[in-house]
2 protein chains.
Amino acid sequence: MAVKKHDVERNPAQFLQERGFRLTPQRLMILAAITESQKHISAEEIYARVSAQYPQVNISTVYRTLALLKEQGLVTETDLGEGRVRYHAADKGHHHHLVCQSCGAIFDLDEALLEPLERSLLDEYNFEADIRHLAIFGRCSRCRQRAAPAKGQEVIDAHP
Amino acid sequence: MAVKKHDVERNPAQFLQERGFRLTPQRLMILAAITESQKHISAEEIYARVSAQYPQVNISTVYRTLALLKEQGLVTETDLGEGRVRYHAADKGHHHHLVCQSCGAIFDLDEALLEPLERSLLDEYNFEADIRHLAIFGRCSRCRQRAAPAKGQEVIDAHP
DNA sequence: TTGCGTGCAAACGGTTTGCAGGAAC
DNA sequence: GTTCCTGCAAACCGTTTGCACGCAA
């Protein structure tokens, strides 16, 4: 069944066109790379994908297109603490990540879990949280089991 | 009363020394800059402070020292989404930030508010969250009042 | 035909590295 | 006297920019 290629490509494309932006092959391919990607994708990865079928694209076009798509609300950014930002189609909905600091695994986190937090931020601080992509760092289930005795990784008590 | 300079300087310094690291003037001054800073401080800011009294320091020394201090658990990092990391003495305790995307203001957030989240991550995902510094983006009370009609800033439904 | 979007190359800002000389122990 | 730490300079990496050409509309 794969991805409904035409749908995912046509809607954002149409959206851009209606706004007066030109539909160039580069933009369409960049859009496709993002919407077809299962996970969050970085600018470099988009560039790699696109240039595989269209070698003359330039990385700066990728960045300019990403800026446009973000501006138009078609993609959102996530900072997973890697020193680089990742992108993701806005229509795929928001979700959050648990990033394991031991093994690097990334787990998706149900949005609902953050609702209580959002509510109390609103109630107690009158702060309207925009939690579209949140990365929470820590240690995953598997790594916890493997290293059961330890409780934290940079704890200051170490007496070797 | 100010900061108890000797205490804050001596403890981490002593700690480093006991671990076999040398106590150089550069390290002491960098340590002092961090512990004396009220708010989170960036590498560049540390460099500026230190080089004010010791012009020959190099920014690379700041980075190397920060890496050491982080490794030894004496400072922790926060990523406030500025494209640069900020540092903060570990013994000042953990706290979190509400970052207003409209006006840039940064508010401190009580650690207790995150406990329910941490607990449910542990319960439901067996994930041991290491939430030492979290930045939550959104819109602060004042900016919400000022722009009451809007509900989100990049919402996709816009029909101008 | 018009002007937006692109490729190119160079610059950016924050951070990291190799090296040789100098200081802490 | 060793060895670790530093300053220097250059490289790094992801990202941004100025410019002239070319293509979508």
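Below, chain A is the first sequence line, B the second, and so on; all start at residue 1. Keep in mind the model is a prediction, meaning the values are calculated, not measured.
Protein atom CD1 of Ile59(B) is 11 Å distant from nucleotide atom P of dT16(C), rounded to whole Å. Computed from coordinates, the Met29(B) CE to dC5(D) P distance equals 18 Å when rounded to whole Å. The distance between atom CG of Leu66(B) and atom C1' of dT16(C), rounded to the nearest whole Å, is 13 Å. Atom pair Arg84(B):CZ and dC12(C):P shows a separation of 17 Å (rounding to whole Å applied). Straight-line distance from the OH atom of Tyr63(B) to the P atom of dC12(D): 18 Å, rounded to whole Å. Summarising the geometry, the separation between CZ on Arg19(B) and P on dC5(D) is reported as 14 Å, rounded to the nearest angstrom. Note: CG (Leu28(B)) to C1' (dT6(D)) measures 14 Å, nearest angstrom.
Under the 30°/60° scheme for interplanar angles, the aromatic rings of His40(B) and His88(B) are found to lie parallel.
Between Glu44(A) and Arg84(A) no salt bridge is recorded (no basic side-chain N to carboxylate O distance below 4.0 Å).
The two residues Gly73(A) and Ala90(A) have their closest heavy-atom pair at O-CB, 3.3 Å. Taking every heavy atom of both residues into account, Arg27(B) and Arg22(B) meet most closely at NH1-O, 2.9 Å. Among all heavy-atom pairs drawn from Ile41(B) and Ala33(B), the shortest one is CD1-O, 4.0 Å.
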In 5'-to-3' order, the base (B), backbone-only (S) or no-contact (-) status of each nucleotide in nucleotides 3-11 of chain C, using a 4.0 angstrom heavy-atom cut-off, is BBSBBB---
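Between the CZ atom of Arg86(B) and the CD atom of Glu77(B) there is a distance of 12.5 Å, given to the nearest 0.5 Å. Distance check: Arg49(B) CZ to Ser37(B) OG gives 5.0 Å after rounding to the nearest 0.5 Å. For the atom pair OG1 of Thr65(B) and CD1 of Ile30(B), the computed distance is 3.5 Å after rounding to the nearest 0.5 Å.
Contacts of residues 42-53 of chain A with DNA chain C (heavy atom under 4.0 Å): none.
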